[in-house]
Amino acid sequence: MSSNAALAERLELFSRLLEVTGADSFRASAHARAARAVADWPADLCAMALSPDGGKAALQSIAGIGPKLADKIVEFAKTGAIKELEELKAQVPAGLIALFEISGLGPKTIRALWQDAGVTDLDSLKKSIADGSIMKVPRMGEKAVQKISAAIAIAAQSAGRVRLGPAAALADAIIAHIKSVKGVREAIAAGSLRRGKETVGDLDILICIENSKAQAAAAEAFVTMPGVRAVLARGENRCSAQVNIDLSSRWEDSSESPSAAAQSGSTIQVDIRLMEEAVFGAALAYFTGSKEHNVRMRQRALDRGLTLNEYGLFPNTPDDPTPPQQKGVKPVAGKSEQEIYAALDMAWVPPELREDRGEMESFELKPGKGVAHRPKHLIEIGDIKAELHAHTTASDGVLSIVELAREAKRRGFHTIAVTDHSRSSVIANGLSPDRLEKHIKAVHAARSEVEGITILAGSEVDILSDGALDYDDDLLGKLDIVVASPHAALTQDPAIATKRLLKAIEHPLVHILGHPTGRLVMRRPGLDPAMEELYAAAKQHNVALEINAHWMRLDLRDVHVRGAVNAGCLIAIDCDVHHPSDFDTLRFGVQTARRGWLDRSSCVNAMSHTDLHAWLKSKR
DNA sequence: GCCGTTTTCGGCCCGACTGTTTTCAGTCG
């Protein structure tokens, strides 16, 4: 785990412990905010904290970090622990914080369960329900206990957070189903799925309906859909259900994953919200989030004498507590997101950027000095014109060279790179030097069979544990493109990993550093190198850092993309094609790139044919 | 615990929903 992630985890725990011990709630939320700021920060904060020229001052320049939290970060950087946190942990049973995972249990209830019914963890909670001692807790009635019991069962069955790919597939299916209902104008996934986060907790689907008849029909279509396991709530404007989700991937049946069977039968919560066109934009903005972005938006509205909610942007009337939409007040904006942002003197913020990571400042129509640079043309899926990382039947793909090239052409690409595995990737049937020589000839031969697309002879060459490449330079020099990737020794020490990856970046024949850390989302943390050193070297040596678009990888991850973009690096977005459907994962790679504020001009896959091939040749 | 171009003290986003109550507390997104 990177030190930022480890620090963020501790601050998050700090926040939870403060909540549960009944500390000032604003103090708790300050710690939670700091945890987020730390997790999102693109550079290593421990290094920053230890810098001789005023680490504390630098930390305090980060929004959400004040003097006290800066002290805690410095302490963590020096000692690997935070004394105040350890003291707080000693006061609270170790299993209590896990109860936050149960829907419906918040800080107040968990504290009461602990203090009044002696609950210390999930097992003792179940016991207190069984023996009735839970009824000692104030405001605890029969229905409340039933709800907690149901929530415990759902938590056990729920997949927890789900990777972007399976979540998007389920959302697409639900949307197609609901759109077939007469009177449904639009259905769109909001929430973290729309923002392109690498994992999502639930699905939020917004449905724009023509009238109340369509409203009822759409709700009915949803709750009776195949795969709906249980309906949790069903109102006029909102329905909630647990829905089966297929979590399988090509990683699941490999030796890497013994848990495939355990994951079958998982469910995810799906909320649908039904509304008419006049409020659709406000609802879409509201339910897309993030929560932090929404807080800033509402504050911005208040600063302008307005109030923002899921029904629109309204004139603010602080003396009257009745919500404006209930009084028939005409909204200033609400039909589209664009008009809401415009009314707040902002350009429309793409969903992937709505994380309160500087977008509030840089998307102001007249941004001030010193704010983050706003992308001139944030990368879009239509900008991608080349796939530079693809496998064939020569190693572990299912397509021949010609089939691969035809599929790439069909998708509108001007260039496809054939980059089969190198000899050390034995499980993936990596090519020996002799086989690679023959494969290069086969690629050249395929060029006459598929016209209208440039087929590159390349390799995804292993970066060995010491940073050496898996083929000698003579052979690498015969290739049009070299993608160098780590596949083994993914748990090595950060300092050694940094040296290993730097050596690959500095190699004069390497174009792209493939899936730089080797992490798998929710499966394997991967390497933990000093990322800033990689950015600097990649920039200096004109090497592109890859965003591997497969939803199991998304490596570089969003915050690393942001760091690389800030450092001025080239970025590649590749689908690591093994199967024709892998081209469809491009959307996730592009979303990750957008979350890192990538401009089209820095993406090698978005270059014109001329520019791309000039860059490739510059390394030959 | 953070923050501030009306504030260095006194704020800190908003509404729906639920279940417990007799006017509200807690959770969620």
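Within every chain, numbering begins at 1; the chains are lettered A, B, ... in the order of the sequence lines, protein sequences first and strands thereafter.
dC12(B) has F26(A) stacked on its base ring, the centres lying under 5.5 angstrom apart and the planes within 30 degrees of parallel.
Straight-line distance between the C1' atoms of dA16(B) and dG11(B): roughly 25 Å, to the nearest whole Å. A distance of about 25 Å separates the P atoms of dT18(B) and dC13(B), rounded to the whole Å. Taking atom P on both dG1(B) and dT5(B), the two are 23 Å apart, rounded to the nearest angstrom. When the C1' atom is used for both dC12(B) and dT7(B), the distance is 13 Å, rounded to whole Å. Straight-line distance between the C1' atoms of dT8(B) and dC3(B): roughly 9 Å, to the nearest whole Å. For the P atoms, the distance linking dC2(B) with dT6(B) amounts to 24 Å, nearest Å. For the P atom pair drawn from dT27(B) and dT20(B), the interatomic distance equals 14 Å after rounding to whole Å.
To the nearest angstrom, P of dG29(B) lies 13 Å from CG of L203(A). Atom CD1 in I110(A) sits about 11 Å away from atom C1' in dT27(B), given to the nearest Å. Rounded to an integer number of Å, the gap from CD1 of I268(A) to P of dG29(B) is 12 Å. Distance Q146(A) CD to dT18(B) C1': 13 Å, rounded to the nearest Å. Taking atom CZ of residue R139(A) and atom C1' of nucleotide dA25(B), one finds them 4 Å apart after rounding to whole Å. In this structure, R296(A) places its CZ atom 12 Å from C1' of dC13(B), rounding to the nearest Å. Per the geometry, CZ belonging to F100(A) stands 12 Å off C1' belonging to dG26(B), to the nearest Å. In this entry the distance linking CZ of R238(A) with P of dG29(B) reads 8 Å, nearest Å.
The phosphate of dG1(B) has OP1 or OP2 within less than 4.0 Å of a side-chain N or O from R27(A). Between N294(A) and dC13(B), a side-chain N or O to OP1/OP2 separation shorter than 4.0 Å is absent. Between S29(A) and the phosphate of dC12(B), there is no side-chain N or O to OP1/OP2 separation shorter than 4.0 Å.
Comparing dC14(B), dG29(B), dG1(B) by their closest approach to the side chain of D202(A) singles out dG29(B). Side chain of K72(A), nearest nucleotide from dG1(B), dG26(B), dC2(B): dG1(B). Closest to the side chain of D204(A), out of dA16(B), dC14(B), dG29(B), is dG29(B). Set against dT18(B), dG1(B), dC14(B), the side chain of R298(A) has dC14(B) as its closest nucleotide. Relative to the side chain of Y311(A), the nucleotides dT27(B), dC13(B), dG15(B) differ in distance, and dG15(B) lies closest. Side-chain proximity of T109(A) to dG15(B), dG29(B), dG26(B): nearest is dG26(B). Nearest to the side chain of K143(A), among dG29(B), dC2(B), dG19(B), sits dG19(B). When the nucleotides dC3(B), dG1(B), dC14(B) are ranked by their closest atom to the side chain of L69(A), dG1(B) comes out on top.
Ionic pairing of E355(A) and R562(A) is not present here: no N-O contact between side-chain nitrogen and carboxylate oxygen is shorter than 4.0 angstrom. Using a 4.0 Å cut-off between charged side-chain N and carboxylate O, E75(A) and K72(A) make no salt bridge. A salt bridge does not link R296(A) with E364(A): every distance from a Lys NZ or Arg NE/NH1/NH2 to an Asp or Glu carboxylate oxygen is 4.0 Å or more.
Residues A70(A) and K56(A) come closest through the heavy atom pair CB-CG, 3.7 Å.
Listed by chain and number, the residues in a side-chain hydrogen bond (donor to acceptor under 3.5 Å, both in side chains) with S133(A) are D131(A) (sequence neighbours excluded).
Classified by its glycosidic torsion, dT7(B) falls in the syn category, the angle being within 90° of 0.
Comparing D24(A) and E310(A) by the nucleotide of DNA chain B whose heavy atom lies nearest to each, the residue mapping closer to the 5' end is D24(A).
Applying the Watson-Crick and G-U wobble criteria (two distances, each under 3.5 Å), dT8(B) pairs with nothing in any strand.
Using a 4.0 Å heavy-atom criterion, one finds that N237(A) contacts no nucleic acid atom at all. At the heavy-atom level, P67(A) lies under 4.0 Å from the strands shown only through sugar-phosphate atoms. Contact annotation for Q60(A): no contact, since no heavy-atom pair falls under 4.0 Å across all strands. Across all strands, A301(A) comes closer than 4.0 Å to no nucleic acid atom at all (heavy-atom distances). Nucleic acid contact for Q325(A): sugar-phosphate only, since backbone atoms but no base atoms lie under 4.0 Å from a heavy atom of the residue.
Under a cutoff of 6.0 Å and an axis angle of 45°, K89(A) and F14(A) do not form a cation-pi pair. For the pair R374(A) and F363(A), the distance from NZ or CZ to the six-membered ring centre is under 6.0 Å and the angle to the ring normal is within 45 degrees.
With a 4.5 Å cut-off on side-chain heavy atoms, I102(A) and L125(A) count as touching.
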